[in-house]
2 protein chains.
Amino acid sequence: MNVGPNISIIAGLVGDPARARMLGALMAGKALTASELAAIAGVALPTASAHLAKLTDGGLLTSVKQGRHRYFTLSGADVADVLESLMSLAERTLGEPVKTGPRDPRLRAARICYDHLAGDMAVALFDSFQKRALIEESRAAMRLTESGEAFFRDFGLDMDAVMAARRPACRPCLDWSARRSHLAGGLGKAILDRFLSKTWATRDHGGRAVSFTPEGLRQYRLLTGSV
Amino acid sequence: MNVGPNISIIAGLVGDPARARMLGALMAGKALTASELAAIAGVALPTASAHLAKLTDGGLLTSVKQGRHRYFTLSGADVADVLESLMSLAERTLGEPVKTGPRDPRLRAARICYDHLAGDMAVALFDSFQKRALIEESRAAMRLTESGEAFFRDFGLDMDAVMAARRPACRPCLDWSARRSHLAGGLGKAILDRFLSKTWATRDHGGRAVSFTPEGLRQYRLLTGSV
DNA sequence: TTCATAGTTTGATCATGAACGAAGCATTGG
DNA sequence: CCAATGCTTCGTTCATGATCAAACTATGAA
C-alpha cells in the first residue's frame, strides 16, 4: 500500500508556511496575481514564483495569464475542502482554538469557503434547508427537492443554470469552525453569488470574512424562513 | 487571517514520506510499535523514534507504553478522515489513479478506515441502510432510526454499548476510492468489530485490505438486505 | 522606439531537518 | 545479578529546499 508518496507530496506542498498562507488567501475564492500572493505570503517575488510553480505542478492551483498578470486560483473546491479539514484537525490537535485575532468571531459567523458561504450562518442555513425539505440526503448524496428548486428560483437564483451545470447542485462541506456541514456545490455558489452581486454582503478587505448589510440580513432571514 | 501556520504544521508532519507511510499503516486501526513502524517506513529506529515524537507532539498520534514496547495509534478518526481526503485529492491532482499495486482492486472493494469499513462494499452498505431508513440524516447529522436500532440489535451488535457511548453512533465518512460516503462512528465500528471477532472477515497480513469468508459474505448480504 | 511593470530564471547562500551510529535508559527474562 | 530487547538521546553528516539579488523575458504604455 504505497499510499505514503501520494499524500506526502500534496501534504508537503501545504506544509510550507509561505505556501500555506497563499492557499489560505486563495480560499476566499478570488483569483490573485503572483505579486499579491507574494505580499500575502511575505516573501519576495522570485520566491513566490517558485512556490506557485510547485503548487501548480502539484495540481493544487490553476492559473490564467491576462496581459502581463497571472491570476492564480485553487484548482477546485476539493482543495478548499481539504484545507478546511486540515484547519479543523489543527484546531483539535494543536490545542489552540485557532490563532484568535480580533476579527476571528466574524470569521466564525460568516466567511467564504472558496465559492460558497461557511461559518455559523451557513450551517444554520443548511439546517434550515434540510428541516424544510428543500434539500435532502439520498443515497449518500445530497439532492435538491422539487419544492427546494421552486423556493430558490423564487428567491431569485438562476436555477436553470444550477441544474444544467455538470457539478452537483448540493454537496455538504464540513465547516471548519462549527464542525458541522454547510452547503457547497452549485447551489451554495449560487446563493453566495446572489448576495455578493446584490451587495447584500461584501468580503472584508479581500479576506475571507463576510459582512452583511441590513438588507442582506433581511434576505438571509428570508432564506432561513425565520420571518 | 493567520490560518497558514496552523495547517502548515499539520501538513508538514504528513509531508514527510517516512511519516506518511507510518500514518498510512496506522490507518488500518491497529496499534503498532515503534520498531514495526520503523520497518514500515523503511528507516532506522532512531529516525523513526524522532518522527514518532514529532507526530505525537503534533497531536496526530497517541501512544501507550506496555512493558518495553510502545504502541502508537492515530489520535482519532478525524486524523484518518483527513488522510483519506488527502488521498482523494492526490488522486485527482496528481493524475495517476493511485499507485496501483496488484492488490489495489481488493483495497477498493473493502478496506479498513481506522475503525470501520471503507470501500465499495461499505458504500453499498451505507446506501442500503439509508434506503431502508435504518439511518437518516437529520439537521446535518446522521441519526440511527428506531427500526435501525432494532435491526442492528437483531444482527447481533451490542447496541446498548453503541448508544451509551459518548461518540456519535452514525457519522458519514468520505470514501477515498468511491468518493461517496460510508458509515463511520460507533455503529460503523461495531459492524467491523462484529465481522472481525466472528472471523467473518480478516485483515490481509496487517494491511488495510479486508477479506471475507463465504460466511462473511453471507452475513454481509444479510446486512445489505439483498437476501 | 523607449520606459515601466509583471513575472521567470539563474545562481549563490544558508538554515532546516532527515538520516544513522554509538551510547544511554528502561524493562523483562533468566 | 547479568544479559537481551525496545526505545530514546546525542552528535555528526549530509541533502534538500527556501530565500533573494541580479539578470532576463514579455507585455503594455508613452
Side-chain angles (χ1 to χ4, degrees), chain A residues 2 4-26 30-73 94 206, chain B residues 2 4-26 30-73 94 206:
Chain A
N2 349 8
N6 285 308
I7 73 171
S8 68
I9 290 172
I10 301 295
L13 287 173
V14 187
D16 178 85
R19 285 194 293 260
R21 283 191 288 271
M22 291 174 169
L23 291 169
L26 289 171
K30 266 198 345 186
L32 296 173
T33 66
S35 315
E36 291 170 321
L37 287 167
I40 287 167
V43 295
L45 228 151
T47 310
S49 187
H51 283 313
L52 291 168
K54 288 188 184 183
L55 288 172
T56 306
D57 272 2
L60 298 187
L61 299 186
T62 53
S63 65
V64 288
K65 266 188 99 164
Q66 263 179 33
R68 43 186 168 179
H69 295 273
R70 188 150 164 205
Y71 286 93
F72 292 88
T73 55
L94 302 182
Chain B
N2 348 11
N6 286 308
I7 72 172
S8 68
I9 291 172
I10 301 295
L13 287 173
V14 186
D16 178 85
R19 285 194 292 260
R21 282 190 289 270
M22 292 175 169
L23 291 169
L26 289 172
K30 265 198 348 184
L32 297 172
T33 66
S35 315
E36 290 170 320
L37 288 167
I40 288 168
V43 294
L45 230 154
T47 309
S49 187
H51 282 313
L52 291 168
K54 287 186 185 187
L55 289 171
T56 306
D57 271 3
L60 298 187
L61 299 185
T62 53
S63 65
V64 288
K65 267 188 97 163
Q66 262 180 33
R68 40 188 170 180
H69 295 273
R70 188 153 163 201
Y71 286 94
F72 291 87
T73 55
L94 301 182

Please report the distance, rounded to the nearest Å, between [atom1] in [X] and [atom2] in [N].
{"X": "B:Leu55", "N": "C:dG17", "atom1": "CG", "atom2": "C1'", "value": "14 Å"}
{"X": "A:Leu37", "N": "C:dA6", "atom1": "CG", "atom2": "C1'", "value": "13 Å"}
{"X": "B:Leu52", "N": "D:dT8", "atom1": "CG", "atom2": "P", "value": "7 Å"}

Show your working on side chain to side chain contact (heavy atoms under 4.5 Å, CB included) between B:Leu23 and B:Leu61 and close with a plain yes or no. CA-CA 9 Å; B:Leu23 291 169; B:Leu61 299 185; 3.9 Å; yes
Does OP1 or OP2 of D:dT27 have a side-chain N or O of A:Arg70 closer than 4.0 Å?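 Checking D:dT27 against A:Arg70, no side-chain N or O comes under 4.0 Å of OP1 or OP2.
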Starting at [atom1] of [X], measure out to [atom2] of [Y] and round the result to the nearest 0.5 Å.
{"X": "A:Glu36", "Y": "A:Tyr71", "atom1": "CD", "atom2": "OH", "result": "6.5 Å"}
{"X": "B:Met22", "Y": "B:Asp16", "atom1": "CE", "atom2": "CG", "result": "8.5 Å"}
{"X": "A:Ser8", "Y": "B:Leu13", "atom1": "OG", "atom2": "CG", "result": "12.5 Å"}

I need the minimum non-hydrogen distance between [X] and [Y], along with the two atoms involved.
{"X": "B:Thr33", "Y": "B:His69", "answer": "CG2-ND1, 3.8 Å"}
{"X": "B:Thr73", "Y": "B:Leu26", "answer": "CA-CD2, 4.3 Å"}
{"X": "A:Val14", "Y": "A:Ala20", "answer": "O-CB, 3.6 Å"}

Where protein sits on nucleotides 16-25 of chain D, one letter per nucleotide: B base, S sugar-phosphate only, - none, heavy atoms under 4.0 Å: -SSSBBB---
Base contacts versus sugar-phosphate-only contacts with protein, heavy atoms under 4.0 Å: please encode nucleotides 23-30 of chain C as B, S and - from 5' to 3'. ----BB--
List the atom pairs, with distances to 0.1 Å, where a side-chain N or O of residues 38-58 of chain A and a protein N or O form a donor-acceptor pair under 3.5 Å, not counting sequence neighbours.
from, atom 1, to, atom 2, distance (Å)
A:His51, ND1, A:Arg19, NH1, 3.1
A:Thr56, OG1, A:Leu52, O, 2.7

